[in-house]
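The structure appears right after this line, and notes come after that.
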Amino acid sequence: MATSSTASVDMEDIQTVDLMSELLRRMKCASKPDKRLVFIGPPGSGKGTQSPVIKDEFCLCHLSTGDMLRAAVAAKSPLGVKAKEAMDKGELVSDDLVVGIMDEAMNRPKCQKGFILDGFPRTVTQAEKLDEMLSRRGAQIDKVLNFAIDDSVLEERITGRWIHPSSGRSYHTKFAPPKVPGVDDLTGEPLIQRKDDNADVLRSRLDAFHKQTQPVIDYYTKKGNLVNIPAEKAPEEVTKVVKKVVST
């Protein structure tokens, strides 16, 4: 009885407008087809820009391994406790544990229509374990979207980024320059570049990404569900391509 009463009080505390908007969202989502997607791409390829758009359009949940691990640890689920033990020892969380936590996450109501996986799988072993877990659920990955972009384009994108530290406002020397070079438009305070946003760091990150990820791209290519996305295009053009790919 206590549980029922608590749930009732919780519902009463929610604003009517929030309840209505969630109800309308669920009604809209009911007719959407299930989609299970993997987004692959190097840093700066635009995955982070496209994920929220596609998540909302197709009523999917966005699963990031880091977020899921933190949530499982905070919830003190059996798998979360094991993950915390490994992290406290400075060890990597095993693939089996990560896939198990992912399996748990897929039971949430917001993941009913499917998910976007970002940053996982990073290895062929992880891809195989993911396939095995989904197979037990009677499901499979529908599409793997590879945000393909030339390294030189990424270098221009990333090394041109400037940040206003206190507000997080971002600029780009070519694509979104400040009114006065090196100065924030609103406050007149100096802009900074992140330590990672330089050519040397980027090249080493890209080398690591290509070495690690190419076998995963080959794995999904052989399975016939990988689609290359022309990620060098403007964000709104990429969105159109991604929506079309996901819809088919």
Side-chain angles (χ1 to χ4, degrees), residues 21-22 24-68 105-106 108 110-122 130 139-163 167-178 194 196-197 202 205-206 209-210 213 216-217 220-221 223-248:
S21 62
E22 176 59 15
L24 289 169
R25 188 193 70 81
R26 291 199 184 196
M27 286 170 66
K28 180 197 83 169
C29 290
S31 61
K32 299 277 184 182
D34 292 3
K35 298 285 178 184
R36 295 168 191 87
L37 310 173
V38 173
F39 282 10
I40 293 176
S45 61
K47 299 193 315 295
T49 302
Q50 301 302 327
S51 289
V53 178
I54 301 306
K55 175 180 88 74
D56 291 344
E57 175 80 14
F58 294 92
C59 301
L60 308 175
C61 63
H62 180 245
L63 297 178
S64 125
T65 46
D67 291 346
M68 282 186 296
M106 287 175 196
R108 296 178 198 157
K110 68 178 181 180
C111 295
Q112 261 188 339
K113 286 292 174 181
F115 55 79
I116 297 171
L117 270 180
D118 182 358
F120 190 93
R122 291 181 188 271
L130 175 62
Q140 62 183 14
I141 295 295
D142 297 302
K143 294 269 171 68
V144 178
L145 279 64
N146 178 33
F147 287 72
I149 186 166
D150 192 83
D151 286 0
S152 62
V153 177
L154 281 177
E155 190 169 324
E156 182 182 45
R157 270 190 191 179
I158 288 176
T159 57
R161 290 197 299 207
W162 289 82
I163 309 290
S167 71
R169 274 188 293 279
S170 62
Y171 299 86
H172 193 281
T173 48
K174 179 177 177 181
F175 306 117
R194 290 196 184 107
D196 285 358
D197 289 354
L202 176 63
R205 286 176 75 195
L206 288 175
F209 170 81
H210 293 313
T213 311
V216 178
I217 290 170
Y220 285 119
T221 301
K223 291 180 82 74
N225 56 0
L226 184 126
V227 181
N228 287 315
I229 303 297
E232 77 287 346
K233 291 180 182 287
E236 57 275 12
E237 289 183 60
V238 175
T239 300
K240 286 178 189 171
V241 175
V242 172
K243 282 184 179 179
K244 188 175 179 183
V245 166
V246 174
S247 297
T248 53

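Heads up: numbering here begins at 1 and tracks the sequence.
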>> side-chain contact (heavy atoms from CB on, under 4.5 Å), that's the test. Do Arg161 and Phe175 meet it? Break it down for me.
In response: CA-CA 9 Å; Arg161 290 197 299 207; Phe175 306 117; over 6 Å; no
> Please walk me through it: do Lys28 and Cys59 pass side-chain contact (heavy atoms from CB on, under 4.5 Å)?
Replying inline: CA-CA 9 Å; Lys28 180 197 83 169; Cys59 301; 4.0 Å; yes
> What do the steps show when you test Phe120 against Met68 for side-chain contact (heavy atoms from CB on, under 4.5 Å), and what is the final call?
Replying inline: CA-CA 12 Å; Phe120 190 93; Met68 282 186 296; over 6 Å; no
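Separation of atoms CG (Asn146) and CD1 (Ile217) is listed at 4.0 Å; rounding is to 0.5 Å. The structure places OG of Ser51 at 9.5 Å from CG of Leu37, a figure rounded to the nearest 0.5 Å. Asp197 CG to Thr159 OG1: the interatomic distance, rounded to the nearest 0.5 Å, is 8.0 Å. Taken from CG in Leu145 to CD1 in Ile54, the straight-line distance is 8.0 Å, to the nearest 0.5 Å. In this structure, Lys110 NZ and Phe115 CZ are separated by 14.0 Å, a value rounded to the nearest 0.5 Å. To the nearest 0.5 Å, atom SG of residue Cys29 and atom CG of residue Asp56 are 9.0 Å apart.
Nearest heavy-atom pair, Leu206 versus Pro42, reported as atom, atom and distance to 0.1 Å: CD2-CB, 3.6 Å. The nearest pair of heavy atoms linking Pro43 to Leu154 is O-CD2, 3.4 Å. The two residues Ser170 and Ile163 come nearest to each other via the heavy atoms CB-CD1, 3.7 Å. Thr65 and Gly119 get closest at one heavy-atom pair: OG1-O, 4.4 Å. Residues Thr248 and Lys143 share a closest heavy-atom pair of O-NZ, 2.8 Å. Taking both residues in full, the closest heavy atoms of Val38 and Pro121 are given as CG1-CD, 4.0 Å, listed atom of the first, atom of the second, then distance.
Side-chain contact between Val242 and Phe147: present, with at least one pair of heavy atoms (C-beta onward) separated by less than 4.5 Å. The shortest distance between side-chain heavy atoms of Arg205 and Asp196 falls below 4.5 Å. A 4.5 Å side-chain heavy-atom check between Leu63 and Cys111 finds at least one atom pair inside the cut-off. At a threshold of 4.5 Å between non-hydrogen side-chain atoms, the residues Ile141 and Leu130 count as touching. Here the side chains of Lys32 and Leu60 are not in contact, with every heavy-atom distance at 4.5 Å or above. The shortest side-chain heavy-atom distance between Asp150 and Glu232 does not fall under the 4.5 Å cut-off. Under the 4.5 Å side-chain criterion, counting only non-hydrogen atoms from C-beta, Gln50 is in contact with Val238. Using a 4.5 Å heavy-atom threshold, the side chains of Val144 and Ile40 count as touching.
Using modelled atom types, no side-chain atom of Lys47 and backbone atom of Phe39 make a donor-acceptor pair closer than 3.5 Å. Between the side chain of His172 and the backbone N or O of Arg157 there is at least one donor-acceptor pair closer than 3.5 Å. Without hydrogens or angle criteria, Arg36 side chain to Gly114 main chain gives no donor-acceptor distance under 3.5 Å. A donor-acceptor distance shorter than 3.5 angstrom exists from the side chain of Lys113 to the backbone of Ala30, with no hydrogens or angles considered.
There is a side-chain donor-acceptor pair under 3.5 Å between His210 and Asp151.
The existence of a salt bridge linking Lys35 and Asp142 is excluded, since no basic side-chain nitrogen approaches an acidic carboxylate oxygen closer than 4.0 Å.
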